[in-house]
Each structure stands twice: as structure tokens, then as C-alpha cells.
Chemist: 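Pasting in a structure now, in C-alpha cells, and then I'll have a few things to ask.
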Amino acid sequence: MWDTRIPRNHPRYESLMIREKLVEGFRLGIVVPEGLIAHGRGECFDYLIGEATQPFAMKAIEAAAAALILAKHPVISVNGNVAALVPREVVELARVVGAKIEVNLFYRTEERARKIKEVLLGAGAEEVLGVDDATATIPELFSERRRVSPKGIAAADVVLVPLEDGDRTEALRRIGKFVITVDLNPISRTSLTANITIVDNIVRAMPALVEAVKEMKGKDEEEVRSILEKYDNSVVISEALAHIRERLSGLASSLLGC
Ligand code: PTJ
């Protein structure tokens with residue numbers, strides 16, 4: 001079993017276990033090698049934000065919950081890394097907001113798309129789009145991510161696209177989709193282009209988003225709408241950057257004892 005090599009009392013146990021999930025996903029043909037590199041980039045930013053869900057991420061999570069609740073046709077887009085790290089949370093979020101789940105891959109092969117679908121069905125999904133039915137295309141997008149399901153992303157008003165590449169976020173915005181992303185890098189093209197950017201690790205953000213939706217579903221529609229209307233993604237990204245700056249200067253000062 002893949003977790004036996006890491007002692008439970010290792011100070012970085014949790015972080016190492018997340019890596020192991022991705023490595024296992026890679027061995028099973030769910031994650032691409034590039035996904036391991038992408039995770040390393042994410043880990044670096046996670047260190048910078050302090051490996052915790054910060055207030056700016058909570059603000060974005062609340063707004064994302066509101067957008068998903070108000071959506072007429074929400075879709076959660078799943079790639080290899082997301083399937084390896086949070087399959088159950090994807091299914092639970094889809095259930096609580098009534099969203100469709102769609103496999104959408106940058107490095108697409110039909111075999112990997114099918115494997116990811118199996119993972120999601122195994123996690124309790126009733127339906128997974130984007131595998132045998134990716135017959136529509138996102139205009140002006142030339143990567144494999146242009147291929148989408150007519151019942152899913154093509155018809156969606158709100159799309160959750162975690163760990164995304166900038167090109168598709170821009171293309172989705174151009175065709176009028178409301179885009180929510182989860183990205184540890186606050187200055188990635190995706191982060192800067194999305195309507196809502198949750199700067200947090202997907203392993204923390206997804207359970208928090210599920211909880212936020214459950215809580216918000218009890219509120220009246222006007223209140224939910226006003227949470228979304230008050231949200232400003234530029235402010236949230238600036239807060240993420242200011243948090244990193246303050247954290248780094250605090251750490252630098254503590255090393256100098258001042
Ligand atoms: O499965 P595929 O073929 O669709 O490919 C998936 C990857 C992730 C390889 C592909 O989408 C890709 O290359 O993505 P990028 O352009 O490297 O962007 C991934 C972004 O996600 C980067 O900005 C990372 O910082 C961020 N990231 C990585 N791991 C996490 C993360 N954000 C949140 N939580 C993470 N665990």
C-alpha cells in the first residue's frame with residue numbers, strides 16, 4: 001500500500017500524503033507526469049500562504065458557494081489531479097448544488113478520461129460527462145480542453161475549473177461563462193482571469209466549499225445574491241498577495257530577531 005513508507009509522526013506527514021495520492025494517481029494512469037510538476041508549483045505557493053485556508057480564501061469560497069447555488073446549470077470540471085486528490089468532495093459538491101460533473105483534460109487521452117470517470121463513479125457520482133460525449137468545442141481554444149460535452153460545460157452558466165490552465169479560463173470567459181477556480185498561485189493567468197479565485201489547496205478548499213454551500217442553502221435568495229454581488233476578485237487576489245508579503249517580511253524579521 002502506498003502510504004506505509006511515510007511515518008505518521010513525520011512533521012510533514014499531511015503534505016507528503018497528498019503527494020502520495022498524486023503518485024498513486026500517476027501509477028494508476030489518472031494523473032499525467034506534468035500533473036506532478038503542477039503540484040510542486042502548488043506546494044510552493046502553499047508554503048507561502050501558510051498551508052491553511054486564509055480569510056481571503058474563505059471570502060472566495062463564500063462567493064463561490066453563492067454562485068453555484070444561484071446557477072441554473074452549474075458544472076464541475078475534473079482533471080487528473082482533481083480526480084486523484086478530491087473525488088469524493090467533487091461528488092458531494094455536485095450533489096449539494098445539483099451540478100453536473102465533466103471530465104476535461106489538458107493532456108487528453110480517451111483511456112485516461114475513462115479511468116477518471118471510473119474513479120468518480122466509484123466515489124458515488126451518478127453521471128460523468130465529457131468522456132464519450134465530448135462532441136462540442138469551445139471556440140478559439142486549441143488544446144484538448146476545447147472538447148466539451150453539450151450537456152455539460154457547453155451548456156453551463158457557472159463552471160468550477162480547479163487547477164486550470166489560463167487559456168481555457170480566458171476562452172470560457174469569452175463565451176460568457178462565469179468561472180470559479182481553485183489555484184494556489186494567486187498570479188497565474190487563471191487566477192487573474194477567473195470571476196472567483198479561491199487561493200487555497202484543493203484538498204482544503206473543496207470540503208470548505210461543500211460546507212459553505214450546505215450552510216448557505218438555508219438562507220434566502222436575496223441574501224445569497226448580495227454575497228455574490230459584494231464580491232470583488234481583484235480585492236481578494238490583492239489580499240492574497242499582501243498576506244504573502246506580510247508573512248515573508250514577518251519571517252525575515254523573526255530570523256533577525258527584530
Ligand atoms: O489532467 P490534465 O491533463 O488536465 O492536466 C492537469 C494539469 C494540472 C497538469 C494541467 O492543468 C496543468 O498543466 O496545469 P498548470 O497550468 O500547471 O496549472 C495548475 C495550477 O494549479 C498551478 O497554478 C498550480 O499552482 C495550481 N495547483 C497545483 N496543485 C494545486 C494547485 N492549486 C490548488 N491546490 C493544489 N493542490
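Values reported hereafter were calculated over all heavy atoms of this structure, with side chains retained and with hydrogens, waters and symmetry mates removed. Counting begins at 1 with the first residue of the sequence. Remember, it's 1-based here, ligands and their atoms both numbered in the order they're listed.
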Chemist: In terms of residue, atom name and distance, what is the protein heavy atom nearest to atom 3 (O) of ligand 1?
Modeler: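 Heavy-atom neighbour on the protein nearest atom 3 (O) of ligand 1: R112 NH2, 2.5 Å.
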Chemist: With a cut-off of 4.0 Å, which atoms of ligand 1 are near a heavy atom of I202?
Modeler: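 Atoms satisfying the 4.0 Å criterion: 33 (C), 34 (N), 35 (C), 36 (N).
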Chemist: Any salt bridge linking R145 with D165? Criterion: basic side-chain nitrogen under 4.0 Å from a carboxylate oxygen.
Modeler: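 A salt bridge is present here (some side-chain N lies under 4.0 Å from a carboxylate O).
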Chemist: G80 heavy atoms, cut-off 4.0 Å: which ligand 1 atoms fall inside?
Modeler: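 Selected atoms, number and element: 1 (O).
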Chemist: Counting heavy atoms only, name the option from K21, R168, E34, H39 that's nearest to atom 29 (N) of ligand 1.
Modeler: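 When every heavy atom of K21, R168, E34, H39 is considered, H39 comes closest to atom 29 (N) of ligand 1.
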Chemist: Is the closest heavy-atom distance from V82 to ligand 1 below 4.0 Å?
Modeler: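 Flag not set, V82 not near ligand 1.
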Chemist: Determine, using heavy atoms of E43 and all atoms of ligand 1, whether some pair is separated by less than 4.0 Å.
Modeler: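 Not so, E43 does not reach ligand 1.
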Chemist: So, does E164 sit close enough to ligand 1 that a heavy atom of it is under 4.0 Å from the ligand?
Modeler: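 Checking ligand 1 against E164, which is what was asked, there is a heavy-atom contact under 4.0 Å.
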Chemist: Under a 4.0 Å threshold between the charged nitrogen and the carboxylate oxygen, would E111 count as salt-bridged to K115?
Modeler: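 Salt bridge flag = yes for E111 with K115.
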Chemist: Distance below 4.0 Å between atom 12 (C) of ligand 1 and any protein heavy atom?
Modeler: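 No, there is no protein heavy atom closer to it than 4.0 Å.
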Chemist: Ignoring angles and geometry beyond distance, decide whether Y107 reaches within less than 3.5 Å of ligand 1 through its nitrogen or oxygen atoms.
Modeler: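 N/O-N/O distance below 3.5 Å exists for this pair.
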Chemist: Taking distance alone, with no angle check, do L184 and ligand 1 share an N/O pair under 3.5 Å?
Modeler: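 Yes, there is a polar N/O contact under 3.5 Å.
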Chemist: Less than 4.0 Å between a side-chain N and a carboxylate O, is that true for E229 and R225?
Modeler: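 A salt bridge is absent here (no side-chain N lies under 4.0 Å from a carboxylate O).
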Chemist: Tell me whether L120 shares a hydrophobic cluster with V96, the cluster being built from Ile, Leu, Val, Met, Phe, Trp, Tyr side chains joined at under 4.5 Å.
Modeler: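 L120 and V96: one cluster.
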Chemist: Are R189 and D167 within salt-bridge range, i.e. N to O under 4.0 Å?
Modeler: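 A salt bridge is present here (some side-chain N lies under 4.0 Å from a carboxylate O).
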Chemist: Backbone or side chain, does any N or O of N201 fall under 3.5 Å from an N or O of ligand 1?
Modeler: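 Yes; the residue has a nitrogen or oxygen that sits under 3.5 Å from a nitrogen or oxygen of the ligand.
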Chemist: Check ligand 1 against D200 and write out every atom of the ligand that is under 4.0 Å from a heavy-atom position of the residue.
Modeler: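 Near D200, meaning under 4.0 Å from one of its heavy atoms, ligand 1 has 33 (C), 34 (N).
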Chemist: With respect to R19, which candidate in E43, E14, E24 satisfies the salt bridge (charged side-chain N to carboxylate O under 4.0 Å, His left out) definition?
Modeler: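 Checked E43, E14, E24 against R19; only one passes salt bridge (charged side-chain N to carboxylate O under 4.0 Å, His left out): E43.
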Chemist: Starting from atom 8 (C) of ligand 1, find the nearest protein heavy-atom neighbour and note its residue, name and distance.
Modeler: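 Ranking protein heavy atoms by distance from atom 8 (C) of ligand 1, first comes A38 CB, 3.8 Å.
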Chemist: Verify, without hydrogens or angle tests, whether K117 (side chain) and V103 (backbone) share a donor-acceptor contact under 3.5 angstrom.
Modeler: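 No, K117 side chain to V103 backbone: no donor-acceptor pair under 3.5 Å.
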Chemist: Between N104 and R147, is there a side-chain donor-acceptor contact under 3.5 Å, judged purely by atom types and distance?
Modeler: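 No pair is found: no donor N or O on one side chain lies under 3.5 Å from an acceptor on the other.
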Chemist: Provide the number and element of each atom of ligand 1 under 4.0 Å from a heavy atom of G35.
Modeler: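 So the atoms of ligand 1 that pass are 9 (C).
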Chemist: When you measure from the heavy atoms of E144 to every atom of ligand 1, does any distance fall below 4.0 Å?
Modeler: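 E144: no contact with ligand 1 (<4.0 Å).
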Chemist: Output yes when R112 and E110 qualify as a salt bridge under the 4.0 Å nitrogen-oxygen rule, no when they do not.
Modeler: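 Salt bridge: no.
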Chemist: Any carboxylate oxygen within less than 4.0 angstrom of a Lys/Arg side-chain nitrogen, looking at K151 and E102?
Modeler: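 So K151 does not pair with E102 through a salt bridge.
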Chemist: Does the side chain of R168 pick up a donor-acceptor pair with the side chain of S77 at under 3.5 Å?
Modeler: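 Yes, a side-chain donor-acceptor pair sits under 3.5 Å.
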Chemist: In terms of residue, atom name and distance, what is the protein heavy atom nearest to atom 7 (C) of ligand 1?
Modeler: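 The answer is N79 ND2, 4.5 Å.
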Chemist: Considering heavy atoms of the protein only, find what lies nearest to atom 15 (P) of ligand 1 and give residue, atom and distance to 0.1 Å.
Modeler: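 The protein heavy atom lying closest is R41 NH2, 3.9 Å.
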Chemist: What atoms of ligand 1 come closer than 4.0 angstrom to any heavy atom of F106?
Modeler: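 In order of number, 2 (P), 3 (O), 4 (O).
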Chemist: Distance alone, cut at 3.5 Å: any donor-acceptor contact between the side chains of D183 and T190?
Modeler: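 No pair is found: no donor N or O on one side chain lies under 3.5 Å from an acceptor on the other.
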Chemist: Would you mind checking which non-hydrogen protein atom is closest to atom 22 (C) of ligand 1, with the distance to 0.1 Å?
Modeler: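 Going atom by atom, the protein heavy atom closest to atom 22 (C) of ligand 1 ends up being D183 OD1, 3.7 Å.
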